[in-house]
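This structure is a prediction, so every number in the text was calculated from the model and none was measured.
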Amino acid sequence: MEKKTSDAQIKASRNGEAKNRERKRYMSKKSTAKSFIRLDAAPDDLDELEKLITERRRQLAGS
């Protein structure tokens, strides 16, 4: 079976991932939050999240 990705591309991808760990972590957290909201959150959870979002928006606006 022939490889679809060259060794150089694999190495470049690994180097890119190592340099962008924070971004990868951020994207993972964002994906988890969106998935929770879409698939698992109960009405009480959504109410709590709305309060947290409002509070966070105020913090960001004040800084």
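- In this structure, Leu49 CG and Arg56 CZ are separated by 14.5 Å, a value rounded to the nearest 0.5 Å.
- Note that the CG atom of Asp45 and the CZ atom of Phe36 stand 4.0 Å from one another [nearest 0.5 Å].
- Legend: side-chain hydrogen bond (donor to acceptor under 3.5 Å, both in side chains) pairs involving residues 26-44, not counting sequence neighbours: none detected.
- In summary, of the residues considered (Asp47, Ile53, Leu46), a side chain to side chain contact (heavy atoms under 4.5 Å, CB included) with Glu50 occurs for Asp47 alone.
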Please assess Arg25 against Glu22 for the test salt bridge (Lys or Arg N to Asp or Glu O under 4.0 Å), listing each intermediate value before the final yes or no.
-> CA-CA 5 Å; Arg25 216 173 278 135; Glu22 285 301 315; 2.5 Å; yes
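- Looking at Arg14 and Glu17, no side-chain N of the basic residue comes within less than 4.0 Å of a carboxylate O on the acidic one, giving no salt bridge.
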